[in-house]
Amino acid sequence: MMLRSKSSSMKPAVAGSWTFLLQAAIASTTKRPSAFSTLASYTTATIPTRDPFAIMNAISVAASPSTTAPPSMRRQLHPSTIKLGVCADTFTMDHLLIFYSRRGNLSCALDLFDEMLQRNLVTWTAMVSGMVRSGAPELGLRLFVSMVRGGFCPNEFALASVLSACCQSVEANAKLGLGLSLHGLAFKAALDGNPYVGSSLMLMYAKYGYVAAAEQLVQMHHSGITPDVFTYISAVKASSITRELKFGQQLHGLVIQNMLQSDTSVMNVLVDMYFRVGLKDIAVAIFGKIRRKDTISWNTMISGLARDEDEKVAADCFVDMSRYGCKPNQVTFSVMLRLCGAKENASLGLQIFGLAYLHGYSDNVLVANAVINMLSRCGLLSCAYAFFCNLSVRNVATCNEMIAGYGLHSCSEDAMRLFRSLVCFGAKPDEFTYPAVLCAFQQAHDARNHEQIHASVLKHGFASCKFVSASLVKAKAALGSIQGSLKVTKDAEKVDLVSWGITMSAFLKHGLNDEVLFLFNLFRSDFTEKPDEFILATVLNACANSTLIR
DNA sequence: GTAGGGTTAG
């Protein structure tokens, strides 16, 4: 299969200098000539003005998501603001802060935040949302707590931002308490019925696995608040997370009734929902009805097809995307590369990698991680490692991919070496690190390394994370240690049907049939619930293996 | 007067 790129000039045009901003300012500030005059004075650098409104306007223009201000100009905004002596003005400083936070410049935003003599509710809210957007939800949550402790009463803006942080935070996800406290705060401030806060609460509960999401939307209907597109998107996403297909279909009906089929984002989330529940044909039909397909529409479609590992159809879709004038982005390349890895199609994978490079994504961490995934799944481990070593940007996920690559090929020593170096260099492992490294020990009976990883899980507070505990149980089963597995489940503080099932099947996988039967008897004496189909099938398999059934 | 919620991606 050959893929050909049709676009010739992929590099973004770099705008000249201040003139670019000037043009943007003229276009967007026709009612505010002060911005124009300030910018004009910047360009000539002769008459510095002290008009904070004009400076604010200039920053606002630069911070606007539609503006791609040149880097030289961006670098000058902060010193210019300080030089003009307006750093004491909270309103202007807020604008500068929003400028940094929207661009994901965390260190500048944090520096400025520290410098500020006075902070208001907007300062704090902009910081919280900036942290979430830049992938630092834990920091956002901590800032929110400091804000409340500092005596600020959160409004709908702050609550919507912090709920988003709550949804994205791995630490917060382990505990529902924080989400409930936020709902309490919203209720106290009479903001739980606010459309923004309501949508965010709905998603938060859905991500915790509470079907109360549906009720929330019904309540919004009853209280006379008209749901907007965001509400629908959150509700469809919530029904997709909680696997409430009926509710999702009702929402689909409401989307048609309320003529929201013209909204691309609403349609995108519907396509995604139908793919996730396995109704591929409906998903494809809805995709066909999207009039203005954006990159997310195509990505949703490609990733839905990739989930079935339908490499040919997904690749066709990838080609169609460019043909219809929609440029692939880092998500598109990540999905395609991972699909090539899953299908062990190194030839197609390398072509996609070449295209990603041409499109300017060679330094993108999401794409780089997917390249490591593709190379290692295709068995090109040494290539993957060479690529990993030469990367200029890395994150924890990059290391996880390389460790997972070693794990997949049972290179336990290499996986362990990388895991140790990750910890030694001060990086914090995350919930994906442990399953990746433990995968290498499915066959290796190395108790000493097991203990080290287990200790790290406990130290970093991942004992209750279900993927981590499941992979630990599997590793304990590889050692044949029943007591070890039971301890892991106990440490996870969630001894449910699922964890019993995982434990029994892990022992079955290693042919430890007597252990499966021992665990089943223990389950019957300790647990009041009836065994589910998965447990029964596991036990029956163990019986069959032990020739207890003839 | 500024800030905010969503969809694709591990």
Exercise for review: Ignoring hydrogens and angles, answer whether the base of B/dG5 and the side-chain atoms of A/D228 contain a donor-acceptor pair closer than 3.5 Å.
Suggested key: yes
Practice item. Determine whether any donor atom in the side chain of A/D430 lies under 3.5 Å from an acceptor atom in the base of B/dG10, or the reverse, and answer yes or no. Key: yes
Check your understanding: Between A/E401 and A/R338, is there a side-chain N and carboxylate O pair less than 4.0 Å apart?
Key -> yes
Study note, to complete from the structure: A/F318 atom CZ is separated from B/dA9 atom P, nearest whole Å, by 16 Å
**Study point:** Contacting residues from residues 129-137 of chain A, given that a heavy atom lies under 4.0 angstrom of DNA chain B
**Key:** A/S129, A/R133
Practice item. Fit a plane to each ring of A/F333 and A/Y361, take the angle between them on a 0 to 90° scale, and name the class: parallel (under 30°), tilted (30 to 60°) or perpendicular (over 60°). Key: tilted
Check your understanding: When only distance counts, do a donor and an acceptor, one from the side chain of A/N155 and one from the base of B/dA3, lie under 3.5 Å apart?
Key -> yes
Check your understanding: When we call it a touch if two heavy atoms are under 4.0 Å apart, what does A/T125 touch: a base, just sugar-phosphate, or nothing?
Key -> base
Check your understanding: Parallel, tilted or perpendicular: which describes the rings of A/Y434 and A/F462, with under 30° parallel and over 60° perpendicular?
Key -> tilted
Check your understanding: Whole Å only: how far is the CZ atom of A/F157 from the P atom of B/dA3?
Key -> 8 Å
Practice item. Pick base, sugar-phosphate or nothing for A/A397, based on heavy-atom distances below 4.0 Å to the nucleic acid. Key: base
Check your understanding: Heavy atoms under 4.0 Å, any strand shown: does A/N373 hit a base, just sugar-phosphate, or nothing?
Key -> nothing
**Study point:** Distance in angstrom units between A/Q168 CD and B/dG10 C1', rounded
**Key:** 14 Å
Review point. With a non-hydrogen cut-off below 4.0 angstrom, is A/V331 in contact with a base, only sugar-phosphate, or nothing?
Key: base
Check your understanding: What integer distance in Å separates A/I372:CD1 from B/dA9:P?
Key -> 20 Å
Review point. Has A/F91 got its ring stacked on the base of B/dG1, with centres under 5.5 Å and planes less than 30° apart?
Key: no
Review point. Can you say whether the rings of A/Y406 and A/Y385 are parallel (under 30°), tilted (30 to 60°) or perpendicular (over 60°)?
Key: tilted
**Study point:** Any A/S234 side-chain N or O less than 4.0 Å from OP1/OP2 of B/dT7
**Key:** no
Check your understanding: Looking only at side-chain N and O atoms, does A/R338 come under 4.0 Å of OP1 or OP2 in B/dG10?
Key -> yes
Check your understanding: Atom CZ of A/F287 and atom P of B/dT8: how far apart are they, to the nearest Å?
Key -> 15 Å
Review point. How would you label the contact of A/D94 with the nucleic acid (heavy atoms, under 4.0 Å): base, sugar-phosphate, or nothing?
Key: base
Practice item. Look at the side chain of A/N120 and the base of B/dT2, then say whether one donor and one acceptor between them are separated by less than 3.5 Å. Key: yes
Check your understanding: Base, sugar-phosphate, or nothing for A/V122, non-hydrogen atoms under 4.0 angstrom?
Key -> base
Review point. Which of parallel (below 30°), tilted (30 to 60°) and perpendicular (above 60°) describes A/W124 and A/F113?
Key: perpendicular
Check your understanding: So does A/S303 get a side-chain nitrogen or oxygen closer than 4.0 Å to the phosphate oxygens (OP1/OP2) of B/dA9?
Key -> yes
Study note, to complete from the structure: Residues passing the side-chain contact (heavy atoms from CB on, under 4.5 Å) test with A/I502, sequence neighbours excluded, are A/A470, A/V473, A/V498
Review point. Can you check the A/M267 CE to B/dT7 P distance for me, whole Å?
Key: 18 Å
Practice item. Output yes when A/D294 and A/K327 qualify as a salt bridge under the 4.0 Å nitrogen-oxygen rule, no when they do not. Key: no
Practice item. Is it possible for you to check whether A/K280 lies under 6.0 Å from the centre of the six-membered ring of A/F275, through NZ or CZ, and within 45° of that ring's axis? Key: no
**Study point:** Separation of B/dA9 P from A/D294 CG (nearest whole Å)
**Key:** 14 Å
Review point. Would you say A/K237 reaches B/dG5's phosphate, i.e. side-chain N/O to OP1/OP2 under 4.0 Å?
Key: no
Point to revise | Spacing between A/I286 atom CD1 and B/dT8 atom P, to the nearest angstrom | key: 15 Å
